[in-house]
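See structure below.
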Amino acid sequence: MSQRKELRLGVVASPGGHLTQILTISRAWDEYSAFYVSTSPTVTSSLAKKGPFYIIEESGRGHLFGTIKCFVQCFKIILKERPQVIISGGSGCGSFLCIIGKIFGAKTLWLDSIANVERMSLSGRVTRPFVDLCLVQWPKHADRYSNVEYWGKVI
Amino acid sequence: MIFVTVGSMLPFDRLVKTLDIAVGKRLVDETLFAQIGEADYKPRNLRFVDVLDRETYIRQFKSAKAIISHAGMGTIAMADRYEKPLLVLPRLKRYREHVNDHQVQTAKAFAKEGYFLMAKESNDLVNKIRELQNFTPKKRVTQVDAVINRVEIGRAHV
(Lines give C-alpha, C1' and ligand atoms only; values in the text may rest on other atoms or scores of the structure.)
Protein backbone atom coordinates (compact mmCIF):
# COMPACT_ATOMS: atom_id res chain seq x y z
CA MET A 1 0.00 0.00 0.00
CA SER A 2 1.61 3.26 -1.06
CA GLN A 3 2.04 5.98 1.52
CA ARG A 4 -0.60 8.67 1.02
CA LYS A 5 0.63 12.17 1.75
CA GLU A 6 -1.02 14.18 4.51
CA LEU A 7 -3.03 16.66 2.45
CA ARG A 8 -6.77 16.08 2.78
CA LEU A 9 -8.92 16.66 -0.28
CA GLY A 10 -12.62 16.57 -0.98
CA VAL A 11 -13.76 15.94 -4.56
CA VAL A 12 -17.37 16.70 -5.43
CA ALA A 13 -19.40 16.41 -8.61
CA SER A 14 -22.97 15.74 -9.66
CA PRO A 15 -23.41 12.43 -11.50
CA GLY A 16 -23.00 12.07 -15.26
CA GLY A 17 -20.93 14.56 -17.20
CA HIS A 18 -19.80 16.53 -14.14
CA LEU A 19 -18.30 13.49 -12.46
CA THR A 20 -16.89 12.14 -15.71
CA GLN A 21 -15.08 15.41 -16.35
CA ILE A 22 -13.61 15.89 -12.88
CA LEU A 23 -12.32 12.31 -12.82
CA THR A 24 -10.37 12.87 -16.07
CA ILE A 25 -7.93 14.98 -14.01
CA SER A 26 -7.80 12.81 -10.89
CA ARG A 27 -4.08 12.14 -11.52
CA ALA A 28 -3.60 15.64 -10.11
CA TRP A 29 -4.59 14.43 -6.62
CA ASP A 30 -4.46 10.60 -6.61
CA GLU A 31 -1.35 10.60 -4.46
CA TYR A 32 -3.28 12.33 -1.64
CA SER A 33 -6.08 11.20 0.66
CA ALA A 34 -9.35 12.20 -0.91
CA PHE A 35 -13.00 11.65 -0.12
CA TYR A 36 -15.66 11.97 -2.79
CA VAL A 37 -19.15 13.48 -2.81
CA SER A 38 -21.92 13.01 -5.35
CA THR A 39 -25.70 12.93 -5.47
CA SER A 40 -26.89 9.62 -6.90
CA PRO A 41 -26.41 5.98 -5.87
CA THR A 42 -25.79 5.15 -9.56
CA VAL A 43 -22.21 6.42 -9.16
CA THR A 44 -21.46 4.32 -6.08
CA SER A 45 -19.36 1.75 -7.92
CA SER A 46 -17.31 4.46 -9.72
CA LEU A 47 -16.61 6.32 -6.47
CA ALA A 48 -15.90 3.21 -4.42
CA LYS A 49 -12.88 2.57 -6.67
CA LYS A 50 -11.48 6.02 -5.86
CA GLY A 51 -11.92 6.34 -2.09
CA PRO A 52 -14.41 6.89 0.74
CA PHE A 53 -17.49 8.70 -0.49
CA TYR A 54 -20.77 10.34 0.45
CA ILE A 55 -23.99 10.31 -1.55
CA ILE A 56 -26.06 13.36 -0.64
CA GLU A 57 -29.12 15.23 -1.80
CA GLU A 58 -28.74 17.35 -4.95
CA SER A 59 -29.44 21.06 -4.73
CA GLY A 60 -31.22 22.73 -7.61
CA ARG A 61 -33.65 25.31 -8.88
CA GLY A 62 -37.19 24.57 -7.83
CA HIS A 63 -36.20 22.04 -5.17
CA LEU A 64 -36.11 24.04 -1.96
CA PHE A 65 -36.25 21.12 0.45
CA GLY A 66 -33.56 19.23 -1.44
CA THR A 67 -31.40 22.34 -1.59
CA ILE A 68 -31.66 22.92 2.15
CA LYS A 69 -30.91 19.27 2.87
CA CYS A 70 -27.91 19.36 0.52
CA PHE A 71 -26.56 22.45 2.27
CA VAL A 72 -26.86 20.83 5.69
CA GLN A 73 -25.21 17.64 4.46
CA CYS A 74 -22.32 19.59 2.90
CA PHE A 75 -21.87 21.52 6.13
CA LYS A 76 -21.69 18.30 8.15
CA ILE A 77 -19.19 16.78 5.69
CA ILE A 78 -16.90 19.82 5.94
CA LEU A 79 -17.09 19.79 9.75
CA LYS A 80 -16.29 16.10 9.87
CA GLU A 81 -13.60 15.90 7.18
CA ARG A 82 -12.00 19.37 7.41
CA PRO A 83 -10.50 19.14 3.91
CA GLN A 84 -7.64 21.47 3.05
CA VAL A 85 -8.54 21.41 -0.63
CA ILE A 86 -11.89 21.07 -2.36
CA ILE A 87 -12.11 20.12 -6.01
CA SER A 88 -15.46 20.59 -7.67
CA GLY A 89 -16.88 19.60 -11.04
CA GLY A 90 -20.21 21.27 -10.21
CA SER A 91 -23.10 21.62 -10.05
CA GLY A 92 -25.21 22.58 -7.05
CA CYS A 93 -23.63 20.27 -4.48
CA GLY A 94 -20.25 21.45 -5.72
CA SER A 95 -21.18 25.06 -5.03
CA PHE A 96 -22.12 24.35 -1.43
CA LEU A 97 -19.05 22.29 -0.67
CA CYS A 98 -16.74 24.95 -2.17
CA ILE A 99 -18.38 27.87 -0.42
CA ILE A 100 -18.62 26.18 2.99
CA GLY A 101 -15.14 24.73 2.56
CA LYS A 102 -13.70 28.16 1.72
CA ILE A 103 -15.32 29.63 4.84
CA PHE A 104 -13.53 26.94 6.84
CA GLY A 105 -10.20 27.79 5.20
CA ALA A 106 -9.90 25.29 2.33
CA LYS A 107 -8.32 26.04 -1.04
CA THR A 108 -10.91 25.53 -3.76
CA LEU A 109 -10.78 24.49 -7.39
CA TRP A 110 -13.71 24.55 -9.81
CA LEU A 111 -13.85 22.87 -13.21
CA ASP A 112 -16.81 24.17 -15.17
CA SER A 113 -18.52 21.65 -17.42
CA ILE A 114 -17.77 21.92 -21.14
CA ALA A 115 -21.53 21.63 -21.69
CA ASN A 116 -21.88 25.33 -20.89
CA VAL A 117 -21.04 26.77 -24.29
CA GLU A 118 -22.37 30.32 -24.23
CA ARG A 119 -21.30 31.19 -20.70
CA MET A 120 -20.18 29.57 -17.46
CA SER A 121 -22.77 27.53 -15.57
CA LEU A 122 -24.96 29.31 -13.02
CA SER A 123 -23.40 27.29 -10.20
CA GLY A 124 -19.95 28.21 -11.54
CA ARG A 125 -20.76 31.92 -11.65
CA VAL A 126 -22.25 31.86 -8.16
CA THR A 127 -19.27 29.98 -6.71
CA ARG A 128 -16.50 31.80 -8.61
CA PRO A 129 -15.88 34.46 -5.91
CA PHE A 130 -15.08 31.61 -3.48
CA VAL A 131 -12.81 29.74 -5.87
CA ASP A 132 -9.02 29.99 -5.87
CA LEU A 133 -8.62 28.40 -9.30
CA CYS A 134 -11.56 28.36 -11.68
CA LEU A 135 -11.00 26.36 -14.85
CA VAL A 136 -13.21 26.66 -17.91
CA GLN A 137 -13.22 24.71 -21.15
CA TRP A 138 -14.06 27.50 -23.61
CA PRO A 139 -11.42 30.22 -24.09
CA LYS A 140 -14.03 32.97 -24.30
CA HIS A 141 -15.19 32.24 -20.73
CA ALA A 142 -11.72 33.03 -19.39
CA ASP A 143 -11.77 36.42 -21.12
CA ARG A 144 -15.02 37.32 -19.47
CA TYR A 145 -14.15 36.91 -15.79
CA SER A 146 -11.14 37.44 -13.54
CA ASN A 147 -9.63 34.40 -11.63
CA VAL A 148 -10.90 32.16 -14.44
CA GLU A 149 -8.39 30.30 -16.61
CA TYR A 150 -8.58 28.23 -19.78
CA TRP A 151 -6.05 25.43 -20.24
CA GLY A 152 -7.97 23.28 -22.70
CA LYS A 153 -10.77 20.75 -22.56
CA VAL A 154 -10.82 17.56 -20.56
CA ILE A 155 -13.55 15.82 -22.55
CA MET B 1 -28.68 -3.00 -31.78
CA ILE B 2 -28.89 0.73 -31.15
CA PHE B 3 -28.67 1.63 -27.46
CA VAL B 4 -30.95 4.45 -26.33
CA THR B 5 -30.03 6.21 -23.10
CA VAL B 6 -31.55 9.14 -21.21
CA GLY B 7 -28.56 9.62 -18.90
CA SER B 8 -28.19 9.17 -15.17
CA MET B 9 -30.27 12.01 -13.75
CA LEU B 10 -33.67 12.57 -15.37
CA PRO B 11 -36.15 10.68 -17.60
CA PHE B 12 -36.68 11.87 -21.18
CA ASP B 13 -40.14 10.75 -22.22
CA ARG B 14 -40.24 12.79 -25.44
CA LEU B 15 -37.26 10.91 -26.83
CA VAL B 16 -38.47 7.48 -25.72
CA LYS B 17 -42.06 8.01 -26.89
CA THR B 18 -41.00 9.27 -30.32
CA LEU B 19 -38.75 6.26 -30.83
CA ASP B 20 -41.39 3.86 -29.52
CA ILE B 21 -43.99 5.17 -31.95
CA ALA B 22 -41.49 5.08 -34.83
CA VAL B 23 -40.61 1.44 -34.09
CA GLY B 24 -44.33 0.61 -33.93
CA LYS B 25 -44.81 2.12 -37.39
CA ARG B 26 -41.79 0.14 -38.65
CA LEU B 27 -39.88 3.31 -39.52
CA VAL B 28 -36.69 2.09 -37.82
CA ASP B 29 -34.64 -0.76 -39.34
CA GLU B 30 -32.47 -1.47 -36.31
CA THR B 31 -33.43 -3.07 -33.00
CA LEU B 32 -33.51 -0.54 -30.18
CA PHE B 33 -32.81 -1.19 -26.51
CA ALA B 34 -33.53 1.69 -24.13
CA GLN B 35 -32.50 2.77 -20.66
CA ILE B 36 -35.37 5.13 -19.81
CA GLY B 37 -34.82 6.24 -16.21
CA GLU B 38 -37.68 6.68 -13.75
CA ALA B 39 -40.07 7.48 -16.56
CA ASP B 40 -43.82 7.88 -16.75
CA TYR B 41 -43.91 6.67 -20.35
CA LYS B 42 -43.26 2.93 -20.76
CA PRO B 43 -42.54 1.84 -24.35
CA ARG B 44 -44.65 -0.86 -25.99
CA ASN B 45 -42.59 -1.62 -29.09
CA LEU B 46 -39.02 -1.79 -27.85
CA ARG B 47 -37.09 -3.50 -25.03
CA PHE B 48 -36.26 -1.23 -22.13
CA VAL B 49 -35.07 -0.98 -18.54
CA ASP B 50 -35.41 1.85 -16.04
CA VAL B 51 -31.90 1.77 -14.64
CA LEU B 52 -28.76 -0.22 -15.33
CA ASP B 53 -25.84 -0.73 -12.97
CA ARG B 54 -22.65 0.78 -14.26
CA GLU B 55 -21.04 -2.43 -15.51
CA THR B 56 -24.11 -3.55 -17.45
CA TYR B 57 -24.57 -0.06 -18.84
CA ILE B 58 -21.03 0.00 -20.17
CA ARG B 59 -21.45 -3.50 -21.62
CA GLN B 60 -24.63 -2.47 -23.48
CA PHE B 61 -22.96 0.70 -24.67
CA LYS B 62 -19.91 -1.13 -26.01
CA SER B 63 -21.94 -3.81 -27.77
CA ALA B 64 -24.24 -1.30 -29.53
CA LYS B 65 -23.80 -0.37 -33.17
CA ALA B 66 -24.81 3.22 -32.39
CA ILE B 67 -26.21 5.33 -29.57
CA ILE B 68 -29.25 7.63 -29.36
CA SER B 69 -29.44 9.90 -26.33
CA HIS B 70 -29.95 13.32 -24.81
CA ALA B 71 -27.09 15.79 -25.24
CA GLY B 72 -25.52 15.02 -21.87
CA MET B 73 -21.74 15.22 -21.47
CA GLY B 74 -21.46 11.84 -19.80
CA THR B 75 -23.01 10.08 -22.79
CA ILE B 76 -21.10 12.23 -25.28
CA ALA B 77 -17.83 11.37 -23.54
CA MET B 78 -18.62 7.67 -23.49
CA ALA B 79 -19.59 7.62 -27.16
CA ASP B 80 -16.28 9.30 -28.01
CA ARG B 81 -14.34 6.93 -25.79
CA TYR B 82 -15.86 3.81 -27.37
CA GLU B 83 -16.02 5.37 -30.86
CA LYS B 84 -19.77 4.91 -31.27
CA PRO B 85 -21.83 6.89 -33.78
CA LEU B 86 -24.11 9.05 -31.67
CA LEU B 87 -27.38 10.84 -32.37
CA VAL B 88 -28.54 13.35 -29.76
CA LEU B 89 -31.85 15.06 -29.09
CA PRO B 90 -31.26 18.03 -26.76
CA ARG B 91 -33.42 18.37 -23.66
CA LEU B 92 -35.56 21.50 -23.65
CA LYS B 93 -36.55 23.72 -20.74
CA ARG B 94 -39.99 24.39 -22.21
CA TYR B 95 -40.85 20.70 -21.84
CA ARG B 96 -39.36 20.66 -18.32
CA GLU B 97 -36.67 18.25 -19.50
CA HIS B 98 -33.88 20.30 -17.94
CA VAL B 99 -33.34 23.51 -15.99
CA ASN B 100 -32.28 25.47 -19.07
CA ASP B 101 -31.48 24.97 -22.77
CA HIS B 102 -27.73 24.49 -22.45
CA GLN B 103 -28.01 21.09 -24.16
CA VAL B 104 -29.08 22.85 -27.35
CA GLN B 105 -25.90 24.96 -27.39
CA THR B 106 -23.72 21.98 -26.51
CA ALA B 107 -25.32 19.86 -29.21
CA LYS B 108 -25.04 22.54 -31.90
CA ALA B 109 -21.39 23.31 -31.08
CA PHE B 110 -20.32 19.67 -31.11
CA ALA B 111 -22.48 18.51 -34.04
CA LYS B 112 -21.11 21.35 -36.16
CA GLU B 113 -17.60 19.93 -35.64
CA GLY B 114 -18.71 16.43 -36.66
CA TYR B 115 -18.52 14.72 -33.26
CA PHE B 116 -22.09 13.43 -33.47
CA LEU B 117 -25.44 13.95 -35.20
CA MET B 118 -28.14 16.14 -33.75
CA ALA B 119 -31.91 16.11 -34.14
CA LYS B 120 -33.29 19.56 -33.39
CA GLU B 121 -36.81 18.32 -32.74
CA SER B 122 -38.27 14.88 -32.10
CA ASN B 123 -39.75 14.71 -35.61
CA ASP B 124 -36.19 14.85 -37.02
CA LEU B 125 -35.21 11.66 -35.22
CA VAL B 126 -36.27 9.05 -37.77
CA ASN B 127 -34.40 10.75 -40.64
CA LYS B 128 -31.32 11.20 -38.49
CA ILE B 129 -31.35 7.52 -37.50
CA ARG B 130 -30.98 6.69 -41.21
CA GLU B 131 -27.98 9.07 -41.41
CA LEU B 132 -26.52 7.43 -38.30
CA GLN B 133 -26.00 4.12 -40.16
CA ASN B 134 -23.33 5.78 -42.34
CA PHE B 135 -21.93 8.29 -39.87
CA THR B 136 -18.31 8.15 -38.71
CA PRO B 137 -17.73 10.39 -35.71
CA LYS B 138 -14.71 12.68 -35.47
CA LYS B 139 -12.46 11.74 -32.54
CA ARG B 140 -12.13 14.35 -29.80
CA VAL B 141 -8.72 15.72 -28.90
CA THR B 142 -8.40 16.90 -25.31
CA GLN B 143 -5.82 18.73 -23.22
CA VAL B 144 -6.14 16.75 -20.01
CA ASP B 145 -2.40 16.82 -19.30
CA ALA B 146 -2.23 20.62 -19.58
CA VAL B 147 -5.15 20.98 -17.17
CA ILE B 148 -3.58 18.50 -14.72
CA ASN B 149 -0.30 20.44 -14.82
CA ARG B 150 -2.14 23.63 -13.94
CA VAL B 151 -3.98 21.97 -11.05
CA GLU B 152 -0.75 20.54 -9.68
CA ILE B 153 0.85 23.95 -9.74
CA GLY B 154 -2.21 25.32 -7.96
CA ARG B 155 -1.85 22.71 -5.24
CA ALA B 156 1.74 23.74 -4.67
CA HIS B 157 0.34 26.92 -3.16
CA VAL B 158 -1.62 25.07 -0.46
Side-chain angles (χ1 to χ4, degrees), chain A residues 7-9 14-21 23-32 38-46 48-49 58 60-63 84-85 87 89 91-92 106-109 111 113-119 121-123 132-133 135 137-138 149-155, chain B residues 5-10 35 37-38 50-58 69-81 88 90-91 93 96 98-110 112 115 140-158:
Chain A
L7 193 63
R8 286 184 315 281
L9 274 98
S14 302
H18 296 278
L19 185 61
T20 305
Q21 287 173 75
L23 290 180
T24 63
I25 60 168
S26 70
R27 239 187 311 132
W29 63 78
D30 278 340
E31 69 196 272
Y32 298 94
S38 191
T39 57
S40 164
T42 57
V43 304
T44 299
S45 55
S46 306
K49 290 182 193 140
E58 182 60 89
R61 289 166 248 206
H63 299 112
Q84 291 157 291
V85 178
I87 294 176
S91 53
K107 289 278 182 179
T108 53
L109 182 143
L111 174 69
S113 171
I114 199 172
N116 304 105
V117 176
E118 295 300 307
R119 59 190 306 202
S121 64
L122 176 63
S123 52
D132 294 293
L133 177 57
L135 296 171
Q137 301 183 65
W138 298 93
E149 296 180 21
Y150 167 78
W151 285 85
K153 49 189 186 284
V154 302
I155 201 171
Chain B
T5 172
V6 303
S8 51
M9 290 186 80
L10 296 165
Q35 172 263 325
E38 284 168 38
D50 291 354
V51 170
L52 290 169
D53 64 83
R54 186 104 185 125
E55 284 72 33
T56 313
Y57 183 90
I58 292 175
S69 80
H70 69 153
M73 281 317 303
T75 314
I76 290 168
M78 198 175 273
D80 179 69
R81 180 172 169 190
V88 308
R91 291 175 182 271
K93 181 182 174 179
R96 296 167 174 255
H98 214 319
V99 298
N100 57 29
D101 283 341
H102 76 274
Q103 283 206 357
V104 178
Q105 276 82 44
T106 310
K108 279 184 182 161
F110 284 46
K112 194 171 115 183
Y115 295 115
R140 280 184 73 68
V141 174
T142 60
Q143 295 82 35
V144 171
D145 288 337
V147 174
I148 286 176
N149 282 335
R150 181 63 186 95
V151 173
E152 284 175 329
I153 291 166
R155 259 202 296 99
H157 295 145
V158 171

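Lettering follows sequence order; numbering is per chain, from 1.
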Using a 4.5 Å cut-off on heavy atoms from C-beta on, say whether the side chain of [Y] contacts that of [X].
X	Y	result
B/Val147	A/Thr24	no
B/Arg54	A/Thr42	no
B/Thr142	A/Val154	no
B/Phe110	A/Ile114	yes
B/Arg150	A/Leu133	yes

Can you tell which part of [X] gets under 4.5 Å to a heavy atom of chain B, answering side chain, backbone, both or neither?
X	result
A/Ser46	side chain
A/Gln137	neither
A/Leu109	side chain

Please look at [X] and chain A and tell me whether the side chain, the backbone, both or neither of the residue comes under 4.5 angstrom of a heavy atom of that chain.
X	answer
B/Glu55	side chain
B/Ala109	side chain
B/Asn100	side chain

Exercise. Taking the side chain from A/Arg27 and the backbone from B/Ile148, do they hold a donor-acceptor pair closer than 3.5 Å?
Worked result: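 Looks like no, no N/O pair under 3.5 Å.
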Exercise. Under the 3.5 angstrom rule, does the side chain of B/Gln143 hit a backbone N or O of A/Lys153 as a donor-acceptor pair?
Worked result: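 Flag set: sc B/Gln143 to bb A/Lys153 pair under 3.5 Å.
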Gap separating the [atom1] atom of [X] from the [atom2] atom of [Y], nearest 0.5 angstrom:
X	Y	atom1	atom2	answer
A/Gln21	B/Met73	CD	CE	5.0 Å
B/His102	A/Ser113	NE2	OG	6.5 Å
B/Ile76	A/Thr20	CD1	OG1	11.0 Å

Exercise. Above 12 or not: heavy atoms from other molecules or residues under 6.0 Å from CZ of B/Arg140?
Worked result: yes
Problem set entry | Shortest non-hydrogen contact from B/Thr106 toward A/Ala115 | OG1-O, 2.6 Å
For this session: Pick whichever of A/Val117, A/Leu122, A/Leu135 has the most heavy-atom pairs under 4.5 Å with chain B.
Result: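 The answer is A/Val117.
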